[in-house]
There are 2 protein chains.
Amino acid sequence: MNRNMDEVLQHYMAQHGLKSTRQRSLIIDTFFSVGGHLSVEELWNKVREQDIKVSVATVYRTMKLLGECGLAHARNFGDGQTRYEAAAGRHHHDHLICTHCGTIVEFEDDRIEQMQDGVARKHGFTVTSHKMELYGLCRNCQRGGKAKSEA
Amino acid sequence: MNRNMDEVLQHYMAQHGLKSTRQRSLIIDTFFSVGGHLSVEELWNKVREQDIKVSVATVYRTMKLLGECGLAHARNFGDGQTRYEAAAGRHHHDHLICTHCGTIVEFEDDRIEQMQDGVARKHGFTVTSHKMELYGLCRNCQRGGKAKSEA
DNA sequence: CTAAGTGCAAATAGTTTGCATAGCG
DNA sequence: CGCTATGCAAACTATTTGCACTTAG
């Protein structure tokens, strides 16, 4: 976790009367250092490598908090679990998801974003956020590569 | 349900050894005649207006079937439930969702789709499907209109 | 001190499944 | 008839919550 995130978080916590606890710090540190698109359970497992006594409930509560203060975004890639990704200090981006091996690639494209705004305006909407996910086969899986689960 | 959907369904059912039952027909008819983006529970309620004895399990099973044969698409708009929308004979489209009143507007934009393909190609992906959702305020809610739930 | 945070287990919500029975083909 | 579909209730999965206890400020 870099300074910037730390500051944003301290500020937010102060402003909302939130305490900085051992568990919270551990969860947040782990979340930002692992990176990627973590499900709560995955994150919980990582956290428990450091402190076996942290409960899932706390991880859920902490991630909800991170979401509310804008440091993490909750995502739903259709596998039935909510995944979180770091948000602070990052550009908005979208996702390419391989339906075979589960690889997730991030991308950003300004022209598409501009067009989205155009479409929204046409319908009288003011867009505050969006998500775009492209599902298909990654380079490797098109060539008959093995899926993660069969590796 | 129009002829076309009926045919697609009959064909699919025949091909997969599926039976046409009273419950299935009722559920499918209801689904296509109500339209929109129905959650399983909403659909179940509509169905029960006709036949109070149909179980949720059957609605879940039937909608999964419709999804598999391509007549319906499952969507996740972040409210924790899976919603289905009619798919057969319709152009692909995306969604504008009002975060205040819950209104969902459909739109399609070929240029955006083309750009998506371009981006995917750049990353070595072959896209088979995608979803794009724009969240924000609709015209009415920007003017301080009332949300559905407070109406 | 004392309000806020935590762990645990129980509670929810949405969805799936096992099994005995009903019904299409 | 034989196999698939249905209803019901129990099982499951992901997530939330009530409560007694701990802890940061």
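Note: hydrogens, waters and symmetry copies are ignored here, and every other heavy atom, side chains too, is used. A note on names: the letters A, B, ... follow the listed sequences, proteins ahead of strands, and every chain is numbered from 1. Bear in mind that the values here come from a model prediction, so they are computed numbers and not experimental data.
- Residue A:L26 contributes atom CG, which lies 16 Å from atom P of D:dT23 at whole-angstrom precision.
- Note on ring orientation: taking the six-membered ring where Trp is involved, the planes of A:F107 and B:H123 are tilted (angle from 30° to 60°).
- Dashed line: the shortest gap from a side-chain N or O of A:Y60 to OP1 or OP2 of D:dT15 is under 4.0 Å.
- Rounded to whole Å, atom C1' of D:dA14 lies 16 Å from atom CG of A:L38.
- Distance CE (B:M13) to C1' (C:dC24): 11 Å, rounded to an integer number of Å.
- Closest contact between the side chain of A:S55 and the listed nucleotides C:dT6, C:dG14, C:dG7 involves C:dG7.
- Closest non-hydrogen pair, A:F31 versus A:E85, comes out as CZ-C, 3.4 Å.
- Dashed line: the shortest gap from a side-chain N or O of A:R24 to OP1 or OP2 of C:dG5 is under 4.0 Å.
- Contact between A:I97 and A:I104 at its shortest, heavy atoms only, is CG1-CG1, 4.2 Å.
- The distance from atom CD1 of B:I52 to atom C1' of D:dG7 is 14 Å, rounded to the nearest whole Å.
- For the pair B:S20 and A:V54, both in contact range of DNA chain C, the more 5′-proximal nearest nucleotide belongs to A:V54.
- Per the geometry, CD belonging to A:E41 stands 16 Å off P belonging to D:dC12, to the nearest Å.
- B:Q23 has no side-chain polar atom (N or O) that falls below the 4.0 Å cut-off from OP1 or OP2 of C:dA22.
- The distance from atom CD of A:E42 to atom P of D:dT15 is 11 Å, rounded to the nearest whole Å.
- Heavy-atom nearest nucleotides on DNA chain D were determined for A:Q81 and for B:L18, and the one closer to the 5' end corresponds to B:L18.
- Comparing A:R61 and B:K53 against DNA chain D, the residue whose closest nucleotide sits nearer the 5' end is B:K53.
- Taking the side chain of A:T82 as heavy atoms from C-beta on, and the options D:dT15, D:dA24, C:dG25, the nearest nucleotide is D:dT15.
- When rounded to the nearest whole Å, the span between CG of B:D51 and C1' of C:dG23 equals 14 Å.
- A:K64 has its NZ atom 15 Å from the C1' atom of C:dG5, to the nearest Å.
- With distances taken from any side-chain atom of A:K19 to the nucleotides D:dT16, D:dA5, D:dG25, the minimum falls on D:dG25.
- Within 4.0 Å (heavy atoms only), A:R22 reaches no atom of the nucleic acid at all.
- Looking at A:R111 and A:D109, a side-chain N of the basic residue comes within less than 4.0 Å of a carboxylate O on the acidic one, giving a salt bridge.
- Distances shorter than 4.0 Å separate none of the side-chain N or O atoms of A:T21 from OP1 or OP2 on C:dG5.
- Results of the side-chain contact (heavy atoms from CB on, under 4.5 Å) test with A:K46 over A:I27, A:V59, A:V34 single out A:V34 as the only residue that passes.
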